[in-house]
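Take a look at the structure set out below.
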Amino acid sequence: LNPVFVIILIPLFEKIIWPIFTDGLETRYFNIKCKFIKLTILRAIGFALLISSLSFTFSALLQFAIDCSQPNSVSVLLIVPQVFLLSFAEVILFSIGLNYSYEKAPESTKSTLLALFYFQIGFGNVIAGIVYSIFGFLSVKILMI
C-alpha cells in the first residue's frame, strides 16, 4: 500500500502542492498562491515530522481499539489512513532532504553527500530489520504462551 501512495503522491507534490506553498501555481485555468504560509525547507520538515507523529498516534489508537474489542471485529481497512499519513510524510522528507542536500553541497562533494544520504536510509532499514527480527520472534513466543 505504501508504494502505491508514494507513486501517487510524488507527482501531486511536485506539480501541485509544493508550487502552491512556494511560488504559486499558475495555469491557464486558475492561479493559486498560499499567502498565509511561506513554506521553507525547515517548516516543511517540521510539518512532515508532525504528520509522522500523527500517524504513530493513529497506530496506537488503532492498537488500543483492537485490544479492547472482540476478535476479528476491527476492520483491516483502518490501517489505510495510517499508511497514507506515513507515505505523505515520507514523500515530503525524502524529496526535501534530497533537494536540500544537493542544493547546498559544493560541486565537488555532491555525489558523496547523496551517497551518504542513501547510506543512512539503508542503515536505518538494516536497524529496523534487526529490531523487527528480535521483537517479531519475541511476539511469537508471547503469543504461544
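Note that these values count all heavy atoms, side chains included, but never hydrogens, waters or copies made by symmetry.
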| At what distance, to the nearest 0.5 angstrom, does CD1 of Ile66 lie from CG of Leu78? | 8.0 Å
| remark: Residue set satisfying ring-ring contact (aromatic ring centres under 6.0 Å, His included) with Phe5, at least two apart, ordered chain then number -> Phe84
Report all side-chain donor-acceptor pairs from residues 46-56 shorter than 3.5 Å, counting only partners two or more places apart or in another chain.
residue, atom, partner, partner atom, Å
Ser52, OG, Ala48, O, 3.1
Ser53, OG, Leu49, O, 3.4
Ser53, OG, Leu50, O, 2.7
Ser55, OG, Gln82, O, 3.0

| Crowded around Asn72 CG? As in, over 12 foreign heavy atoms under 6.0 Å? | no
| field | Cluster link Leu86 to Val83, ILVMFWY, side chain under 4.5 Å | value | no
| With hydrophobic residues grouped by side-chain heavy-atom distances under 4.5 Å, do Phe88 and Leu61 end up in a single group? | no
| note | Joining Ile, Leu, Val, Met, Phe, Trp and Tyr whenever any side-chain heavy atoms lie under 4.5 Å apart, the cluster holding Val4 also takes in Ile8
| said: Is there a side-chain contact between Val74 and Leu62 in this structure, where contact means two heavy atoms from C-beta onward sitting under 4.5 Å apart? | reply: yes
| task | Would you mind listing every side-chain hydrogen bond (donor to acceptor under 3.5 Å, both in side chains) that reaches into residues 112-121, with sequence neighbours excluded? | result | none
| message | Connecting only ILVMFWY residues whose side-chain heavy atoms lie within less than 4.5 Å of each other, what is the rest of Phe58's hydrophobic cluster? | response | none
| request: Establish whether Leu9 and Ile7 are linked, either directly or via other cluster members, by ILVMFWY side-chain heavy-atom contacts under 4.5 Å. | output: no
| task | List the steps, then state whether ring-ring contact (aromatic ring centres under 6.0 Å, His included) holds for Phe13 with Phe94. | result | CA-CA 12 Å; Phe13 268 94; Phe94 193 75; over 10 Å; no
| remark: CG of Leu98 to CG of Leu93, rounded to nearest 0.5 Å, is 11.0 Å
| said: Does anything in residues 2-11 form a side-chain hydrogen bond (donor to acceptor under 3.5 Å, both in side chains)? List the pairs, not counting sequence neighbours. | reply: Asn2-Ser87, Asn2-Glu90
| request: Find the distance between CG (Leu1) and CG (Leu77) and round it off to the nearest 0.5 Å. | output: 9.5 Å
| message | Which heavy atom of Ala105 sits nearest to which heavy atom of Leu113, and what is that distance? | response | CB-CD2, 3.5 Å
| message | To the nearest 0.5 Å, what is the distance between CD1 on Ile79 and CD on Gln63? | response | 9.5 Å
